[in-house]
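In this text, all values refer to a predicted model and were calculated from it rather than measured experimentally.
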Amino acid sequence: MHSETPAAPVDDSAPGDGLVKAGVVLFAIGAVATLVTVAPLFLGTDPFPTVAYTVSMLMGVGFLVAAAGVLRSIATQRRQARTGADGSAQAR
């Protein structure tokens, strides 16, 4: 029957997907930290310590990690396309 679930889970994750997910999490943490550190400027309260501003740097780090994951995925897809094109040319 086609409606049954497969016995083994299908692994459809590509190389670099983990880096993209980690980058998104780091970016989100950095974005929230940036909003928190900017809030005292608008509220007129005392600014946060330097550590809070350091956590804000995670936004840029997350962007770089996600970009590395995308580049890794692109490289893998190009490699697969190149071997697939070479394989079909050799089969003739």
If two hydrophobic side chains count as joined below 4.5 Å and joins carry through other members, does Phe63 share a cluster with Met59? yes

Side chain to side chain contact (heavy atoms under 4.5 Å, CB included) partner of Ser56, chosen from Val36, Leu35, Thr34, Val38: Thr34

Of all heavy-atom pairs between Ala33 and Ala52, which one has the smallest distance, and what is that distance? CB-O, 4.5 Å

What's the shortest heavy-atom distance between Phe48 and Tyr53, and which atoms? O-CE1, 3.4 Å

Distance-only, no hydrogens or angles: does the Ser73 side chain make a donor-acceptor pair with backbone N or O of Gly69 under 3.5 Å? no

Ignoring hydrogens, what is the shortest heavy-atom contact between Ile29 and Val55? Give both atom names and the distance. CG2-CG1, 4.4 Å

Do Leu19 and Leu58 land in one hydrophobic cluster if side-chain heavy atoms of ILVMFWY residues count as linked below 4.5 Å? yes

Walk me through whether Val25 and Lys21 qualify under side-chain contact (heavy atoms from CB on, under 4.5 Å). CA-CA 6 Å; Val25 169; Lys21 290 177 185 177; 5.8 Å; no

CG (Asp17) and CZ (Arg72) are apart, to the nearest 0.5 Å, by 9.5 Å

